[in-house]
S.K.: 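Before anything else, here's the structure in question.
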Amino acid sequence: MSDRDLREFYRRYLEELNAHRFDRMDEFIHDRTTLNGEPATRDDLLAVQKADVDAVPDLHWELKELLFDGDRLAARLVNTGTPAKEWLGVAPTGASFEIVEFAIYQVHNGRFVHMTALHDAGELLRQLTSKGNS
């Protein structure tokens with residue numbers, strides 16, 4: 001895929017992800033992939049995404065930067081949301097979060113085959129447990 005094709009592919013992926021249309025993810029994620037270096041299936045990955053959205057119904061990913069290197073993408077995103085259920089061991093308090101995520105992907109035959117994401121879990125928990133945060 002060209003850089004232009006990868007950019008459009010990723011834009012469509014985020015659009016479907018932000019709309020929480022998980023039934024469309026077979027278009028973007030290979031049946032077998034890796035997630036943070038561990039073998040996974042698309043169903044494994046979707047179970048994580050669905051659980052996150054179940055706890056944080058307004059979970060949103062905003063693309064800030066996107067870089068390409070052949071069949072690899074690197075993205076800097078801002079993730080936001082307000083948990084409505086216990087999430088990551090924290091009861092909902094009405095507190096929202098806004099954190100940066102760095103993600104690296106490899107695309108093969110038009111779908112992700114490797115997916116890695118990193119965010120500051122400590123900052124996320126600080127925002128969710130700080131008094132007066134909303």
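Computation of the quantities below employed the complete heavy-atom set of this structure, encompassing side-chain atoms and omitting hydrogens, waters and symmetry-equivalent molecules.
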S.K.: If you measure from the Lys or Arg side-chain nitrogens to the Asp or Glu carboxylate oxygens, is any gap between Asp54 and Lys85 under 4.0 Å?
M.R.: yes
S.K.: Less than 4.0 angstrom from a charged side-chain N to a carboxylate O is my criterion; do Arg11 and Glu8 meet it?
M.R.: yes
S.K.: Mind checking whether Leu59 and Leu88 sit in one hydrophobic cluster, side chains of I, L, V, M, F, W, Y counted as touching below 4.5 Å?
M.R.: yes
S.K.: Using a 4.5 Å cut-off on heavy atoms from C-beta on, say whether the side chain of Leu14 contacts that of Leu77.
M.R.: yes
S.K.: Carefully, step by step, assess Leu124 and Asn79 under the rule side-chain contact (heavy atoms from CB on, under 4.5 Å).
M.R.: CA-CA 10 Å; Leu124 174 63; Asn79 304 345; over 6 Å; no
S.K.: Any idea which heavy atoms bring Glu86 and Ala55 closest together, and the distance?
M.R.: O-CB, 3.9 Å
S.K.: Rounded to the nearest 0.5 Å, how far does CD of Gln49 lie from CE of Met25?
M.R.: 6.5 Å
S.K.: Before giving the answer on side-chain contact (heavy atoms from CB on, under 4.5 Å), spell out for Thr82 and Phe97 the whole-Å C-alpha distance, their side-chain angles and the decisive distance to 0.1 Å.
M.R.: CA-CA 6 Å; Thr82 305; Phe97 65 88; over 6 Å; no
S.K.: Do the side chains of Arg111 and Asp26 get close enough for a salt bridge, i.e. N-O under 4.0 angstrom?
M.R.: no
S.K.: Just say parallel, tilted or perpendicular for the rings of Tyr13 and Tyr10, cut-offs at 30° and 60°.
M.R.: tilted
S.K.: Applying side chain to side chain donor-acceptor pair (under 3.5 Å), run through His60 and Thr80 and close with a yes or a no.
M.R.: CA-CA 5 Å; His60 182 81; Thr80 56; 5.7 Å; no
S.K.: Restricting to non-hydrogen atoms, name the atom on Phe22 and the atom on Leu17 that form the minimum distance, rounded to 0.1 Å.
M.R.: CE2-CD1, 4.0 Å
S.K.: I need the minimum non-hydrogen distance between Glu65 and Leu63, along with the two atoms involved.
M.R.: O-CD1, 3.2 Å
S.K.: Please report the closest heavy-atom contact between Tyr105 and Ala75, naming both atoms and the distance.
M.R.: CE1-CB, 4.5 Å
S.K.: Determine yes or no for a side-chain-to-main-chain donor-acceptor pair under 3.5 angstrom, with Thr41 supplying the side chain and Asp44 the backbone.
M.R.: yes
S.K.: Identify whether Leu6 and Leu66 are in the same connected component of the hydrophobic contact network (ILVMFWY, side-chain heavy atoms under 4.5 Å).
M.R.: yes
S.K.: With rounding to the nearest 0.5 Å, note down the distance linking NE2 in His108 to CE in Met1.
M.R.: 12.5 Å
S.K.: Taking His30 for the side chain and Asn109 for the main chain, is one N or O donor matched with an acceptor at less than 3.5 Å?
M.R.: no
S.K.: Is it true that a side-chain atom of Asn18 and a backbone atom of Trp61 form a donor plus acceptor pair closer than 3.5 Å?
M.R.: yes
S.K.: Quick one, Glu15 with Arg21, criterion side-chain contact (heavy atoms from CB on, under 4.5 Å). Give me CA distance, side-chain angles, the key distance, then yes/no.
M.R.: CA-CA 9 Å; Glu15 184 178 294; Arg21 289 190 286 258; 4.3 Å; yes
S.K.: Under 4.5 Å between side-chain heavy atoms, hopping through other hydrophobics if needed: is there a path connecting Ile104 to Val100?
M.R.: no
S.K.: Just do the ring-ring contact (aromatic ring centres under 6.0 Å, His included) check on Phe112 and Phe28 with the steps written out, would you?
M.R.: CA-CA 6 Å; Phe112 296 126; Phe28 303 99; 7.3 Å; no
S.K.: If you round to the nearest 0.5 Å, how far is NE2 of His114 from CZ of Arg72?
M.R.: 6.5 Å
S.K.: Please walk me through it: do Arg42 and Leu45 pass side-chain contact (heavy atoms from CB on, under 4.5 Å)?
M.R.: CA-CA 5 Å; Arg42 180 176 49 243; Leu45 187 121; 5.7 Å; no
S.K.: Quick one: does Glu123's side chain have a donor or acceptor within less than 3.5 Å of a partner on Ile99's backbone?
M.R.: no
S.K.: When hydrophobic residues are tied together by side-chain contacts of less than 4.5 Å, even through go-betweens, does Val113 share a cluster with Leu35?
M.R.: no
S.K.: Output the distance between atom CD (Gln127) and atom OG1 (Thr93), rounded to the nearest 0.5 Å.
M.R.: 11.0 Å
S.K.: Rounded to the nearest 0.5 Å, how far does CE of Met115 lie from OG1 of Thr34?
M.R.: 9.0 Å
S.K.: For Pro57 versus His20, what's the shortest heavy-atom pair and its separation?
M.R.: O-CE1, 3.0 Å
S.K.: Using a 4.5 Å cut-off on heavy atoms from C-beta on, say whether the side chain of Pro83 contacts that of Leu128.
M.R.: yes
